[in-house]
Every structure is written in C-alpha cells, then in structure tokens.
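Structure first, then comments.
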Amino acid sequence: MRQSFSVEQYTKAKNKRTIIAAFIIFVLIPATILWAVSLGPQKTMLISILILIYVMVPFFFVYEKRKPRAREVVMIAVLSAMTCLGTLVSASILPIQIGTAMVIITGISFGPEAGFLVGALGRFVANFFQSQGPWTPWQMFCWGILGFLAGLIFHKVDVEKVQERNFKVIMGPVICVVFAAIVAYISYLLFPGGDDTFLGWRLYIFGAVGLVLGFILQHKRLPVDDINLTLYTFFSVFIIYGGIMNVCAMVTASMIPGADGVSWETMKKLYISGVPFDAVHAIKAAIFMFFFGEKLIRKFERIKIKYGFYR
C-alpha cells in the first residue's frame, strides 16, 4: 500500500538536508582543500574523490527512507554528462560557457544538493579531458557552490504558464551589487592603500557582500525568467567563481619552486589581472542562460512531473 505524503515531513527532511549540505560545502570541503594544500599537488586525485564522496552524502538524503530509483540516478548522470560535454564543446567550438550554465540550471530544477553534485562531478570528469591538477578540487568546489546557491535562491518553476518579468524582484539584488561597487570605488578613492586601480580585490569582496545581501532579501522569491537567470548567472559567476579561483591561482602557483608565496600583495595582483578573464567567463555563461536557460528548466520540470522525481 502506498504511503501517504506529508508536506510537513517533507519540509523538515528538506531543511535537514540543506543544513547538512551547507555544513559540508562551506566547512568540510574548504577545510579539506586547505589540508590538500599542505599535502602538495601529488594528492589532487585523492582530494577530488573525497569531495565527490562529501557531496553525495546530502544528495542521497533526498531518498532517506527509500532506495533511489534507476531513473533518478540516470537523470543525475545525464545532467553531469551534459555539463561535461557542454564544457568541452564550449572550450573548442562555441563562444559560450554551457557547462557553468548547466550547473546553475540543475540547481534550480533539481535542488541545491543535486546542483552541487552535478557541478562537482561534471568538473571532475571534464578535467580528464582538460587536464587534472591542483586546481581541480577548487573548480569542483566553485561549480558546486553555483549550483547549490541557485537551488536555494530561485522560486519553484510554474510550468503551466510563463511568468511575467518582474523587474522589481531582480532589482533588489542588482541594486545591492551596484551599491556595493560604488562603496568599493569610494573606498578606493579615500583609502587607495597602494592600489593602482579600482578593478581588483575590492570589486570581488564588496561585490560578494552586495550579492549575498541582495539574495538574502529575495530568498526563494526570484522567479525563473530570462532576465533573472541572466543577471544571476553573470554576477554569481564573476564574483563567486572568479573570486575563489583567483585565490586558487595564488595558492597553486605558490607550490612552484621560485614563485611568489601566498601574500596579500600577490592576491591583489591576481585579482586585478583576473577581472577580464572572469568577466568573459561570466558573459559567456550569461549569454547561454539568456537564450536557453528558461527553456531547459521548464523541460526539466516537466520531466520531474512525468516521472515523479524525489517523491
């Protein structure tokens, strides 16, 4: 006999999964990456596998009191393969960033745990073709965060109708980021601290604060449409992915004999030089999201309804 579905029980289980996932993502995985730095680049594969094991834990809490069905596991495998393939195609053929966008789409459609798992697994597999290295765990972590946050921030998709664009909703995060950038520029004018340009660490640090405040204000109220998806993708990829990977560049470069060590001055230089690369990455992902993001999300929502995923 089929068990009755309790919304309250489902909500409690979902909140528990989110708390466990947040602890693993924001505490356990960063601690593991820092531990990996002390081990050296030879342990890259070990750390990457550990991260994959970590992210599988909250994902399989989705199934809690039942076994996962084959169709659900296959769907995650297909999404990971699409993310990996999109990355490889983008790197060699198309001037867009499909892989990064697919991670965000997965988080919105299948939840934050699935978004992190697909991001970490997709990056891990893609690097077998694009070269593994000490940067792999960092890239897995960054992609995973993009998917996890997207799953937390966006409102559930209504597949029965196309939502009207609500500029008032997205203006909250946009205004917070713009205001943070203005504050960063004013701080540069008043306290340059030896910096030659405003385009550097201030843009990332203040931008991250503005992004977090903006999306806290709009938690789970962002509707899924092309404008919201595009703006979220650009800001999150530029600030979160770019900001973390610039730190990765400093740490991994410090492992090379004769290179500059880990220092504040080195980090400031990397943030300045990283702005154009991070902006290009963010723009490419945002372009794909503008043209295809909403359409793919609605397709995935229909698949979830048809096959009864996570119920």
Side-chain angles (χ1 to χ4, degrees), residues 20-62 68 72-92 97-151 233 236-237 240-249 251-252 255 281 284-285 288:
I20 294 173
F23 173 78
I24 291 174
I25 292 167
F26 296 109
V27 178
L28 188 57
I29 292 179
T32 303
I33 292 176
L34 291 176
W35 174 57
V37 172
S38 65
L39 296 179
Q42 296 81 9
K43 302 296 182 181
T44 297
M45 189 62 64
L46 171 63
I47 301 304
S48 299
I49 293 173
L50 275 177
I51 291 176
L52 286 178
I53 294 173
Y54 293 160
V55 300
M56 287 180 185
V57 173
F59 174 76
F60 280 103
F61 269 106
V62 171
E72 296 167 339
V73 177
V74 168
M75 191 65 204
I76 294 300
V78 169
L79 289 168
S80 300
M82 291 174 64
T83 301
C84 176
L85 179 61
T87 302
L88 300 179
V89 170
S90 300
S92 57
Q97 182 49 258
I98 301 174
T100 303
M102 280 301 304
V103 173
I104 296 173
I105 290 170
T106 300
I108 296 171
S109 299
F110 294 92
E113 298 87 3
F116 197 97
L117 177 57
V118 168
L121 182 58
R123 186 72 261 178
F124 181 66
V125 176
N127 277 11
F128 280 106
F129 301 92
Q130 295 185 315
S131 77
Q132 298 281 353
W135 51 84
T136 298
W138 294 80
Q139 291 176 326
M140 293 167 63
F141 178 56
C142 290
W143 261 15
I145 285 181
L146 294 180
F148 183 80
L149 292 179
T233 300
S236 62
V237 172
I240 298 173
Y241 186 95
I244 296 176
M245 288 309 298
N246 284 330
V247 177
C248 167
V251 174
T252 54
M255 300 178 183
H281 182 192
K284 287 181 177 180
F288 179 86

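Just so you know, residue 1 is the first one in the sequence shown, and it goes up from there.
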Tell me, with the steps shown, if Val118 and Phe110 meet side chain to side chain contact (heavy atoms under 4.5 Å, CB included). CA-CA 10 Å; Val118 168; Phe110 294 92; over 6 Å; no
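At least one side-chain heavy atom of Ile51 sits less than 4.5 Å from a side-chain heavy atom of Ile33. Proximity of Phe116 to Ile24: side-chain heavy atoms (C-beta onward) are nowhere separated by under 4.5 Å. With a 4.5 Å cut-off on side-chain heavy atoms, Met140 and Ile29 do not count as touching. In this structure, Tyr241 and Ile145 have side chains that are not in contact, with every pair of non-hydrogen atoms separated by 4.5 Å or more. Here the side chains of Ser236 and Ile104 are in contact, with some heavy-atom distance below 4.5 Å. Between Gln132 and Phe124, some side-chain heavy-atom pair lies under the 4.5 Å cut-off. At least one side-chain heavy atom of Ile47 sits less than 4.5 Å from a side-chain heavy atom of Trp35.
The stretch residues 116-126 participates, sequence neighbours left out, in these side-chain hydrogen bond (donor to acceptor under 3.5 Å, both in side chains) pairs: Arg123-Asn127, Arg123-Gln130.
A distance of 8.5 Å separates OG1 of Thr83 from CD1 of Ile105, quoted to the nearest 0.5 Å. Once rounded to the nearest 0.5 Å, the distance linking CZ of Phe141 with CZ of Phe148 reads 10.5 Å. Taken from CZ in Phe288 to NZ in Lys284, the straight-line distance is 14.0 Å, to the nearest 0.5 Å. Note that CG of Leu121 and SG of Cys84 are 8.5 Å apart. Values are rounded to the nearest 0.5 Å. Atom CH2 in Trp138 sits 8.5 Å away from atom CD1 in Ile244 (nearest 0.5 Å). To the nearest 0.5 Å, atom CG of residue Leu117 and atom CD1 of residue Ile76 are 6.0 Å apart.
Closest heavy-atom contact between Val103 and Gly115: CG1-O, 3.9 Å.
Under a cut-off of 6.0 angstrom, the local environment of CZ in Phe129 is sparse, with at most 12 non-hydrogen atoms contributed by other residues, nucleotides or ligands.
No donor-acceptor pair under 3.5 Å is formed between the side chain of Gln97 and the backbone N or O of Gly86. Thr252 contributes no side-chain N or O that, together with a main-chain N or O of Trp135, makes up a donor-acceptor pair within less than 3.5 Å. A donor-acceptor pair is defined here as one N or O able to donate and one able to accept, closer than 3.5 Å; such a pair exists between the side chain of Thr136 and the backbone of Gly133.
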